[in-house]
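To start, the structure itself, in structure tokens.
Side chains included, hydrogens not; waters and symmetry mates left out as well; all remaining heavy atoms used.
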Amino acid sequence: MPTPAPIVDIFVPCFVDQLYPATALSMVKILEAVGCQVHYNPAQTCCGQPAYNAGHLGPARAVAAKFIEDFTPAPAAPGPRYVVSPSASCIGMVRNSFTELFAGQPEAAACRPVQARAYELTEFLVDVLGVTAIPGAQLAGAYTYHDSCSGLRECGIGPGPRQLLDGVTGLTRREMAETSTCCGFGGTFAVKFQAISVAMAQQKVEHALDTGADYIISTDVSCLMHLEAYIKKEKLPLKCLHIADVLASGW
């Protein structure tokens, strides 16, 4: 018998939904191309990270509880099912911070299965499906990759994104110095400590420019939004792209 297609419940984060909706569509395009059944629950909202990072644990817990409810399949639903998002930041919140939020809470038992099924897009492609290249993906130019804090430190995402990008026809990699150093966004950090945040973005962008790359690519639109703002303000010859948009280009 043929292996059933993986069933994916996509989570579209706030940043993507409001500012970069095309990235969500790119994710769907990629997942369907590799044989997944893609489902979207229109009742979904947020993972609760903004409230959590601001120290508002009660509201964060309420939003996170809704997330668990939204991504818990009905008992008779077919499986296996996965929760996939184009954001390592949100997946890191679900996997790690939900454990703290629901420690000793009634939702803890329902939380654990959702955490176990939650993946950032590139790690789902590489680590779960074994996909290391998207057929037909094309983009001319050179790129440098930014390891987001959430991807590297919270989700443990390693070489997978680079493997996928190295499979894009016409694209060459140029590693920048201190690629794992924070870009300076950090959510409310960029608001509370603006000068430090901007200086960190400047350092990251200068390292990228030193490589001669045309693009900075990452798994997190929050990092890219922050870096893009600095790049546009300074009128620099560099573009920021989410990895999903790159993998969905050219086909």
Side-chain angles (χ1 to χ4, degrees), residues 11-24 26-27 46-47 49-50 52-54 84-97 119-123 139 142-162 164-165 171 173-211 213-234 236 238-248:
F11 173 57
V12 181
C14 307
F15 271 118
V16 175
D17 179 62
Q18 296 297 313
L19 301 174
Y20 301 92
T23 298
S26 293
M27 173 177 65
C46 178
C47 66
Q49 183 176 183
Y52 178 79
N53 287 347
V84 177
S85 179
S87 169
S89 176
C90 293
I91 293 300
M93 171 73 184
V94 172
R95 280 195 199 159
N96 303 306
S97 302
Y119 292 90
E120 182 273 331
L121 173 63
T122 64
E123 65 170 347
L139 182 66
Y143 82 93
T144 191
Y145 183 75
H146 164 57
D147 291 280
S148 74
C149 296
S150 298
L152 187 65
R153 297 173 178 85
E154 291 192 56
C155 296
I157 295 172
R162 289 175 173 82
L164 291 163
L165 291 169
L171 195 61
R173 173 164 33 122
R174 296 179 183 175
E175 293 287 356
M176 66 173 134
E178 300 180 30
T179 181
S180 62
T181 299
C182 179
C183 70
F185 179 62
T188 55
F189 178 87
V191 177
K192 294 179 179 179
F193 304 99
Q194 180 183 357
I196 299 173
S197 176
V198 172
M200 293 172 74
Q202 178 182 0
Q203 181 186 57
K204 175 66 66 173
V205 169
E206 287 176 351
H207 286 325
L209 287 170
D210 286 343
T211 69
D214 303 292
Y215 311 105
I216 297 178
I217 301 176
S218 187
T219 56
D220 282 86
V221 295
S222 52
C223 296
L224 295 170
M225 178 185 69
H226 181 59
L227 295 173
E228 185 177 48
Y230 179 81
I231 289 167
K232 286 184 175 179
K233 182 177 181 296
E234 299 298 324
L236 300 172
L238 196 58
K239 295 180 180 179
C240 293
L241 294 174
H242 189 280
I243 191 169
D245 296 318
V246 177
L247 298 177

message: I need the Met27 CE to Leu121 CG distance, nearest 0.5 Å.
response: 6.5 Å
Leu247 side, atom CG; His242 side, atom NE2 - distance, nearest 0.5 Å: 9.5 Å
field: Heavy-atom side-chain proximity of Arg162 to Asp147 below 4.5 angstrom
entry: yes
field: Short side-chain to backbone donor-acceptor contact, His226 and Ser197, under 3.5 Å
entry: yes
message: Do Gln202 and Glu234 make a side-chain contact, defined as non-hydrogen atoms from C-beta onward lying under 4.5 Å apart?
response: no
- prompt: What residues form a salt bridge (Lys or Arg N to Asp or Glu O under 4.0 Å) with Glu123, not counting sequence neighbours?
  reply: Arg95
query: Just by distance, do the side chain of Thr122 and the backbone of Gly160 share a donor-acceptor pair under 3.5 Å?
result: no
Ring pair (Phe, Tyr, Trp, His ring centres under 6.0 Å) against Tyr145, all qualifying residues, sequence neighbours excluded: none
task: Without swapping roles, check the side chain of Asp17 against the backbone of Val12 for a donor-acceptor pair under 3.5 Å.
output: no
- prompt: How many angstroms lie between CG in Leu209 and CD1 in Ile216, if you round to the nearest 0.5 Å?
  reply: 7.0 Å
Exam field: side chain Thr144 to backbone Arg174, donor-acceptor pair closer than 3.5 Å: yes
task: Look up atom OG in Ser150 and atom CE in Met93, then write down how far apart they are to the nearest 0.5 Å.
output: 11.0 Å
query: Hey, mind stepping through Tyr215 and Leu139 against side-chain contact (heavy atoms from CB on, under 4.5 Å) and telling me if it holds?
result: CA-CA 10 Å; Tyr215 311 105; Leu139 182 66; 3.8 Å; yes
Cys155 to Gly92 - nearest heavy-atom pair and separation: SG-N, 3.7 Å
- line: Heavy-atom closest pair (Ala213 atom, Leu238 atom, distance to 0.1 Å) is O-CD1, 3.3 Å
task: Answer yes if the side chains of Thr181 and Gln203 hold a donor-acceptor pair under 3.5 Å, and no otherwise.
output: no
query: Would a distance-only check, ignoring hydrogens and angles, find a side-chain to backbone donor-acceptor pair under 3.5 Å from Thr179 to Met176?
result: no
task: Would you confirm whether Lys239, through its side chain, and Ile217, through its main-chain N or O, come within 3.5 Å as a donor-acceptor pair?
output: no
- request: Over all heavy atoms of both residues, which pair between Thr219 and Ser148 is shortest? Give the atoms and the distance, please.
  value: OG1-OG, 3.7 Å
field: Non-neighbouring partners of Phe11 that pass ring pair (Phe, Tyr, Trp, His ring centres under 6.0 Å), sequence neighbours left out
entry: Phe67, Phe71
message: Please report the interatomic distance OG(Ser222) to CE(Met225), rounded to the nearest 0.5 Å.
response: 7.0 Å
statement: One should read off an interatomic distance between Ile157 CD1 and Asp220 CG, to the nearest 0.5 angstrom, of 8.0 Å
field: Nearest heavy atoms of Val205 and Leu236, plus distance in Å
entry: CG1-CD1, 3.6 Å
- line: Ser87 and Glu120 have their tightest heavy-atom pair at C-CG, 4.1 Å
Ser180, Ser89, Cys182 screened by side-chain contact (heavy atoms from CB on, under 4.5 Å) with Cys149, the one that passes: Cys182
field: Residue pair Thr23 / Pro86: nearest heavy atoms and the distance that separates them
entry: CG2-CB, 4.3 Å
- request: Quick one: do Gln49 and Asn53 satisfy side-chain contact (heavy atoms from CB on, under 4.5 Å)? Show the steps, please.
  value: CA-CA 6 Å; Gln49 183 176 183; Asn53 287 347; 3.3 Å; yes
- prompt: Is the closest side-chain heavy-atom distance between Leu19 and Val221 below 4.5 Å?
  reply: no
